[in-house]
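Please read all numbers here as calculations on a predicted model, not as lab measurements. Quick note on labels: first sequence line is chain A, next is B, and so on, each numbered from 1.
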2 protein chains.
Amino acid sequence: MSRKNRTDVVAAASVMFAEQGFHGTSMRDLAKKLGLMGSSLYSHVVSKDELLVDVVREASSRFQTLADEVATMPGTAIQRLSRLVHGHLQILVKDPHQARTFLNETRFLPEPERDTAVAMFDRYQRAYRDVLSSGCNSGEFRSDLDVHLAANLVLSLLNGTQRWFNADGALSVESLASEVHRLLTLGLNPDPEANAA
Amino acid sequence: MSRKNRTDVVAAASVMFAEQGFHGTSMRDLAKKLGLMGSSLYSHVVSKDELLVDVVREASSRFQTLADEVATMPGTAIQRLSRLVHGHLQILVKDPHQARTFLNETRFLPEPERDTAVAMFDRYQRAYRDVLSSGCNSGEFRSDLDVHLAANLVLSLLNGTQRWFNADGALSVESLASEVHRLLTLGLNPDPEANAA
DNA sequence: CCTACCGATCGGTAGG
DNA sequence: CCTACCGATCGGTAGG
């Protein structure tokens with residue numbers, strides 16, 4: 001166990017916030033996990049809140065990068081939706097603790113950071129609405145689609161996987177993403193023109 | 001403000017646990033909401049944990065009732081899936097705080113209640129797997145479907161709505177359920193043979 | 001259901 | 001990064 005830096009502390013915090021929740025994690029819990037005394041954390045960070053801010057910001061920025069990529073990406077709406085699905089699930093899987101903390105503990109951020117995070121996620125969600133509505137216009141998706149509702153449903157489906165998907169299991173992220181994309185585009189019903197991934 | 005009984009205390013707890021989280025709610029917070037002193041709660045309940053147990057148990061039992069109904073329900077797989085979708089969303093909407101506490105705070109239950117709750121939800125999930133696999137056999141759903149995965153995805157979609165659906169908004173639960181069912185069966189793609197709800 | 005109180009733990013600081 | 005410590009708050013109890 002060598003000397004710890006701020007990155008180590010934030011990483012450990014993301015693990016504990018994901019597993020015990022922000023309010024269920026004490027600074028002494030966190031310190032013990034790092035092999036430190038509780039008070040030593042304050043040489044790396046000014047408050048407990050700051051740790052949550054850091055974790056949420058990192059996750060936000062990953063989602064934002066994906067949204068920016070898809071905003072300028074060429075291709076059909078189906079291809080761009082597929083990129084959103086794969087990219088989103090990859091973010092969830094790459095750092096599951098950071099993702100879980102982002103999804104479950106953002107609401108405990110102090111203001112104004114909480115508002116900022118919510119605004120960022122709204123902007124992220126717009127990427128989904130843009131892709132869906134362009135797919136409606138191109139005839140790739142149903143023209144009667146409620147785009148706002150559909151974006152919420154797609155994101156609900158993606159974020160919900162975080163509760164049960166295990167990256168070490170038999171199912172790979174790529175397979176999961178393909179299945180999610182198939183379910184979204186084709187649904188459960190049998191269809192001769194399958195495999196649109 | 002009249003005298004409070006245990007039901008009042010549990011109901012108030014479900015609201016606070018949903019909004020602040022179990023660990024973010026103190027017994028004094030809860031008491032204040034009821035217009036009581038913190039210590040007065042202990043004439044209704046023996047511990048804070050017991051409140052969480054009560055809330056989770058009530059939610060579990062609602063889901064279980066739905067699963068039992070669908071297990072003995074006649075009809076096609078599509079009709080039974082539709083009942084699961086509508087019933088599940090109705091439970092979420094009928095008592096959103098209880099549902100949120102169930103979904104987010106069950107992990108903080110003490111053992112053995114936590115294990116019991118997890119086992120109950122596994123059993124609930126089996127209703128989804130049964131309906132999906134019977135639909136595969138009947139040809140209503142794709143025969144190559146990974147039933148276990150699909151059940152997880154359906155439940156992720158349903159539970160995710162809890163984060164954003166507002167019963168007081170323009171969209172009714174029935175419309176939401178219909179849209180979810182359409183997305184699940186038909187997907188986003190345009191389909192002449194629509195309206196299978 | 002309240003007053004009065006318990007030991008334990010909380011986030012955080014001072015000083016080295 | 002540690003020792004020593006702060007006031008505040010935690011879940012919970014005794015006794016009425």
Closest of C/dC10, C/dC1, D/dG11 to the B/H44 side chain is C/dC1
Rounded to the nearest 0.5 Å, what separates atom CG in B/N137 from atom CG in B/L132? 11.0 Å
Would you mind reading off the distance between B/L30 atom CG and D/dG11 atom P, rounded to a whole angstrom? 10 Å
Give the rounded distance in Å between these two atoms: CG of A/L41 and P of C/dT13. 13 Å
Is the shortest side-chain N to carboxylate O distance from A/R123 to A/D68 below 4.0 Å? yes
Round to the nearest Å and state the distance from B/M37 atom CE to D/dG15 atom C1'. 18 Å
Candidate nucleotides D/dG12, D/dC1, C/dG11, ranked by approach to the side chain of A/K4 - the nearest: D/dC1
Nearest to the side chain of B/S39, which nucleotide is it out of D/dA14, C/dG12, D/dT3? D/dA14
Between C1' of C/dA8 and CG of A/D29, the distance in whole Å: 13 Å
I need the minimum non-hydrogen distance between B/A77 and B/V131, along with the two atoms involved. O-CG1, 3.4 Å
Sub-4.5 Å side-chain heavy-atom contact between B/L155 and B/Y124: yes
Electrostatic pair A/E105:A/K48 at N-O distance under 4.0 angstrom: no
Taking only side-chain nitrogens and oxygens of B/S40, does any of them come within less than 4.0 Å of OP1 or OP2 of C/dC2? yes
Heavy-atom closest pair, residues B/T101 and B/S14: OG1-O, 3.0 Å
Counting side-chain heavy atoms from C-beta on, which of D/dT3, C/dA4, D/dG11 comes nearest to B/M27? D/dG11
Starting from P on D/dG11, measure out to OH on B/Y42 and report it in whole angstrom. 6 Å
Within the 4.0 Å heavy-atom criterion, would you say A/S47 contacts the bases, only the backbone, or no part of the nucleic acid? sugar-phosphate
Over all strands shown, is B/H23 touching base, sugar-phosphate only, or nothing at heavy-atom distances under 4.0 angstrom? nothing
Euclidean distance, atom CZ of residue A/R28 to atom P of D/dC10 [Å, nearest integer]: 15 Å
Using the side-chain heavy atoms of A/K48, tell me which of these nucleotides is nearest: D/dC2, C/dG11, D/dG11. C/dG11
Nearest of D/dT3, D/dC10, D/dC1 to any side-chain atom of B/S26? D/dC10
If every non-hydrogen atom of B/A117 is compared with every non-hydrogen atom of B/T106, which pair is closest and at what distance? CB-CG2, 3.7 Å
State whether B/E179 and A/R142 are salt-bridged, where the test is any N-O pair (Lys NZ or Arg NE/NH1/NH2 against Asp/Glu carboxylate O) under 4.0 Å. yes
Does D/dC1 have its OP1 or OP2 closer than 4.0 Å to a side-chain nitrogen or oxygen of A/R3? yes
Categorize B/S43 for me: base, sugar-phosphate, or nothing, with a 4.0 angstrom heavy-atom threshold over every strand shown. base
Measure CG/A/L52 against P/C/dG11 and give the value in whole Å, please. 13 Å
How long is the line joining CZ of B/F22 and P of D/dG11, in whole Å? 8 Å
Watson-Crick or G-U stems of DNA chain C, 3 or more pairs, under 3.5 Å, by first number: C:1-16 with D:1-16
